[in-house]
Amino acid sequence: MTDQGAPETAVHRTPSGVVLDATAKRIIEQLQQDGRRSYAAIGKAVGLSEAAVRQRVQRLLESGVVQVVGVTDPMMLGFSRQAMIGVRCSGDPTAAADAIAALAGVEYVVVTAGSFDILAEVVTADDDQLLEVLTRIRAVATVTATESFVYLKLRKQSYAWGTR
C-alpha cells in the first residue's frame, strides 16, 4: 500500500489516455520533490536503472503528464502585482476561458463551479499593467462581471501534492 491508501499495483489512466503505474507515480513524486534530481537518484528510490528512469521520464514529458520547470517567486523577478480574478459569464464559460487564457499576463485559468465561472491568475509588473489585463478580461464578449483578489504576500507555493 502507498501512504495514500491505494494498492501499489493500481494503474491509473489519465484523461489523455496515458497509463500510469505505481512506478511512474513514484517517479513523478520524486520529480515533484526536486525537478533537478538525477535519474540515478530517482532510479535508486524507485528500484529502476538510470536508463529506465530516463526513458520513463522522457515518455512522461512527451505525453504532457509532467513538465519540469523552474518555479520562481514573481516578486523577486520584478512582478510586484499578482491577483486572482473571479469572472462571471453569461452562457458557456469555455470560450471566455480560452479568450482569457490567451491574454498576456494571465498565467492560470480554470473553469469553476460556484459564485465564479472562471478564475484567472494574473502576474504583472505593477498596478497599471494589472488594470490593463483586467480591462482586457472585461472586454471578452460573454464576461458580465469580475472581482479582483490582489495578492499581498506569497506565503506558500508548492507543487509536491504527489500522485493518487
Side-chain angles (χ1 to χ4, degrees), residues 3-4 12-18 20 24-39 41-42 45 53-54 56-164:
D3 57 346
Q4 272 121 22
H12 171 76
R13 184 176 301 274
T14 67
S16 63
V18 176
L20 300 177
K25 291 177 182 181
R26 291 196 328 265
I27 290 170
I28 291 167
E29 289 169 349
Q30 291 288 308
L31 290 169
Q32 285 179 319
Q33 292 170 13
D34 180 359
R36 296 181 63 200
R37 187 166 287 157
S38 72
Y39 294 137
I42 294 171
V53 170
R54 182 180 294 107
R56 282 178 167 252
V57 169
Q58 189 60 39
R59 281 190 300 234
L60 291 167
L61 290 166
E62 289 171 357
S63 68
V65 170
V66 170
Q67 290 181 16
V68 179
V69 299
V71 178
T72 62
D73 179 341
M75 294 287 233
M76 299 292 284
L77 296 175
F79 297 101
S80 62
R81 184 55 68 215
Q82 298 137 69
M84 185 66 69
I85 312 296
V87 181
R88 292 184 182 92
C89 299
S90 60
D92 181 4
T94 307
D98 291 343
I100 292 167
L103 298 174
V106 175
E107 303 303 326
Y108 179 84
V109 176
V110 292
V111 176
T112 63
S115 62
F116 297 105
D117 299 304
I118 299 167
L119 291 175
E121 187 172 29
V122 176
V123 179
T124 62
D126 54 31
D127 288 337
D128 289 336
Q129 281 188 353
L130 175 59
L131 181 58
E132 287 174 29
V133 174
L134 190 54
T135 300
R136 291 192 312 250
I137 290 172
R138 289 175 176 159
V140 172
T142 59
V143 170
T144 59
T146 63
E147 186 171 344
S148 301
F149 302 90
V150 175
Y151 299 178
L152 299 177
K153 186 174 270 196
L154 178 64
R155 299 300 296 166
K156 181 178 182 178
Q157 184 173 347
S158 173
Y159 299 98
W161 53 78
T163 60
R164 291 170 180 77

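Remember, predicted model here, so these are calculated numbers, not experimental data. In this chain, residues are counted from 1 in sequence order.
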Is there a side chain to side chain contact (heavy atoms under 4.5 Å, CB included) between Val57 and Val66? Walk through the geometry before answering.
CA-CA 8 Å; Val57 169; Val66 170; 6.0 Å; no
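- Between the CD atom in Gln30 and the CD atom in Gln32 there is a gap of 10.5 Å [rounded to 0.5 Å].
- Shortest non-hydrogen contact noted between Ala96 and Thr142 is CB-OG1, 3.4 Å.
- Counting all heavy atoms, side chain and backbone alike, Cys89 lies closest to Ile118 at SG-CD1, 3.7 Å.
- Nearest heavy atom pair, residue Ile100 against residue Ala120, reads CG2-CB, 3.9 Å.
- The two atoms that bring Arg81 and Tyr151 nearest to each other are NH1-O, 3.6 Å, heavy atoms only.
- Note that CG of Leu103 is 11.0 Å distant from CG of Asp98, once rounded to the nearest 0.5 Å.
- Note that the CG atom of Leu20 and the CZ atom of Arg56 stand 9.5 Å from one another [nearest 0.5 Å].
- Annotation: Gln67, atom CD; neighbour count of heavy atoms from other residues, nucleotides and ligands within 6.0 Å does not exceed 12.
- Atom CD of Glu29 is separated from atom NZ of Lys25 by 9.0 Å, given to the nearest 0.5 angstrom.
- Minimum interatomic distance between Gln82 and Phe79 (heavy atoms only, all atoms of both residues): NE2-O, 3.2 Å.
- Across all non-hydrogen atoms, the minimal contact from Pro93 to Val111 is CG-CG1, 3.7 Å.
- Side chain of Arg88 to main chain of Asp117: no donor-acceptor pair is present (N/O by atom type, distance under 3.5 Å, no hydrogens or angles).
- Ile42 contributes atom CD1, which lies 4.0 Å from atom CG of Leu31 (distance to the nearest 0.5 angstrom).
- Atom OH of Tyr108 sits in a sparse spot, with 12 or fewer heavy atoms from other residues, nucleotides or ligands closer than 6.0 Å.
- To the nearest 0.5 Å, atoms CD1 (Ile137) and CD1 (Ile85) are separated by 5.5 Å.
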